[in-house]
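Being a predicted model, the structure only gives us computed values, none of them experimental.
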Amino acid sequence: MLEPRSGHTATLLPDGKVLIVGGWIGHGETDSAELYDPATGKFSPLAKMTSKRGDPAATLLTNGDVLITGGGGVNYGSRGIASAEIFQSTTGVFEPLGSMHSARIEQTTTVLRDGRVLIAGGRAYSVTASAEIFDPATKKFTVTGNLLTARYKHSAGLLPDGRVLIAGGSDDRDWSGT
């Protein structure tokens with residue numbers, strides 16, 4: 001990579017390139033982004049994201065763009081942020097979006113069968129059970145039902161019948177798991 005980082009995302013784009021965004025560089029979160037091209041084996045820099053994000057979530061949308069939500073880090077007092085943005089894969093530009101309803105770090109994002117995205121759990125000042133849905137058609141976030149248990153560092157998977165399985169993760173005690 002062009003910059004050493006941890007807590008970043010890597011998203012495979014429809015053209016076969018990999019979008020790498022955010023994370024921590026040194027002791028702070030970053031707004032840097034880069035593309036990896038497996039055909040050449042090279043990384044190339046992109047314009048900066050609209051916000052610095054350590055441990056954000058990045059989700060490939062059905063149109064080939066990438067939704068980037070939340071994150072946090074040292075500059076935010078280790079709490080999550082509510083901002084979101086879209087990486088437009090055809091132009092290589094980051095477009096700011098309105099904020100999510102809840103600040104989040106270490107949340108899950110799952111593309112639903114209709115193309116909307118479920119954003120669930122995470123933490124801000126404390127671990128949350130809240131969830132919301134992003135609609136790429138309107139570029140709006142809508143609150144939906146809460147998880148049964150507040151959690152972050154969990155996994156989420158779309159089941160064949162359209163439901164989303166949320167499993168595992170940590171609670172406010174972190175390593176105890178749920």
>> Suppose the criterion is ring-ring contact (aromatic ring centres under 6.0 Å, His included): which pairs have a residue in residues 33-70, not counting sequence neighbours?
In response: Y36-F43
>> Can you list, by chain and residue number, the hydrophobic cluster partners of M49 when the side-chain cut-off is 4.5 Å?
In response: L13, L19, V21, L35, L46, L60, V66, I68, F87, F94
> salt bridge (charged side-chain N to carboxylate O under 4.0 Å, His left out) with D31: which residues, sequence neighbours excluded?
Replying inline: K48
> Sequence neighbours excluded, which residues qualify as side-chain contact (heavy atoms from CB on, under 4.5 Å) partners of T91?
Replying inline: Q88, V93
> Do the side chains of M1 and V18 join up, straight or via other hydrophobic residues, at under 4.5 Å, putting them in one cluster?
Replying inline: yes
> Between V164 and A156, what is the shortest heavy-atom contact and its length?
Replying inline: CG1-CB, 4.1 Å
>> If hydrophobic clusters are built by linking Ile, Leu, Val, Met, Phe, Trp and Tyr wherever their side-chain heavy atoms come under 4.5 Å apart, do I20 and L12 end up in the same one?
In response: yes
> Taking the side chain from E85 and the backbone from T50, do they hold a donor-acceptor pair closer than 3.5 Å?
Replying inline: yes
> Taking all non-hydrogen atoms of both residues, which atom of A47 and which atom of A33 are closest, and how far apart?
Replying inline: O-CB, 4.1 Å
> Does the side chain of T69 pick up a donor-acceptor pair with the side chain of Q107 at under 3.5 Å?
Replying inline: yes
>> I need the L2 CG to S44 OG distance, nearest 0.5 Å.
In response: 7.0 Å
> Which atom pair, heavy atoms only, marks the closest approach of A57 to T109?
Replying inline: CB-CG2, 3.7 Å
> Hey, what do you get for CG (D171) to OH (Y152), rounding to the nearest 0.5 Å?
Replying inline: 8.0 Å
> Which residues satisfy the side-chain contact (heavy atoms from CB on, under 4.5 Å) test with R163, sequence neighbours excluded?
Replying inline: L159, D161
> Which atoms form the tightest heavy-atom contact between H154 and A167, and what is the distance?
Replying inline: CB-O, 3.4 Å
>> Contact between E3 and P45 at the side-chain level, heavy atoms closer than 4.5 Å - yes or no?
In response: no
For residues 129-139, run the donor-acceptor check on the side chains, cut-off 3.5 Å, and write out each pair with its distance to 0.1 Å, sequence neighbours left out.
residue, atom, partner, partner atom, Å
S130, OG, S102, OG, 3.4
S130, OG, R104, NH1, 3.4
S130, OG, R104, NH2, 3.0
S130, OG, T128, OG1, 3.0
E132, OE1, H101, N, 2.8
E132, OE2, H101, N, 3.3
E132, OE2, S102, N, 3.2
E132, OE2, R104, NE, 3.3
E132, OE2, R104, NH2, 2.9
D135, OD1, A137, N, 2.9
T138, OG1, K140, N, 3.4
K139, NZ, E95, OE1, 3.1
K139, NZ, E95, OE2, 2.9

>> Please evaluate residues R123 and I105 with respect to the criterion side-chain contact (heavy atoms from CB on, under 4.5 Å), reporting the C-alpha separation (whole Å), side-chain torsions for both, the decisive distance (0.1 Å), and the verdict.
In response: CA-CA 5 Å; R123 65 180 170 90; I105 182 172; 3.3 Å; yes
> Applying the 4.5 Å side-chain criterion to the ILVMFWY set and letting contacts propagate, would L97 and V111 be lumped into a single cluster?
Replying inline: yes
> Which pair of heavy atoms, one from P56 and one from G23, lies closest together, and at what distance?
Replying inline: CD-N, 4.4 Å
> Are S51 and E29 close enough, and set up right, to give a side-chain contact (heavy atoms from CB on, under 4.5 Å), and what steps lead you there?
Replying inline: CA-CA 10 Å; S51 294; E29 61 280 353; over 6 Å; no
> Looking at residues at least two apart in the chain, or sitting in another chain, which of them share a side-chain contact (heavy atoms from CB on, under 4.5 Å) with T40?
Replying inline: D37, K42
>> Working to the nearest 0.5 angstrom, can you tell me the gap between I166 CD1 and S155 OG?
In response: 7.5 Å
> Taking a hydrophobic cluster as the set of Ile, Leu, Val, Met, Phe, Trp and Tyr residues connected by side-chain heavy atoms closer than 4.5 Å, whether directly or through intermediates, do L147 and M100 fall within one such cluster?
Replying inline: no
> Can you list every pair that meets side-chain hydrogen bond (donor to acceptor under 3.5 Å, both in side chains) and has a residue in residues 6-20, with sequence neighbours left out?
Replying inline: none
> Nearest heavy-atom pair of F141 and A84: which atoms, and what distance?
Replying inline: CZ-CB, 3.6 Å
> Which residues satisfy the side chain to side chain donor-acceptor pair (under 3.5 Å) test with E34, sequence neighbours excluded?
Replying inline: R5
>> Nearest 0.5 angstrom please: I86 CD1 to L67 CG, how far?
In response: 6.0 Å
> Mind checking what makes side-chain contact (heavy atoms from CB on, under 4.5 Å) contact with A82, not counting sequence neighbours?
Replying inline: S99, A103
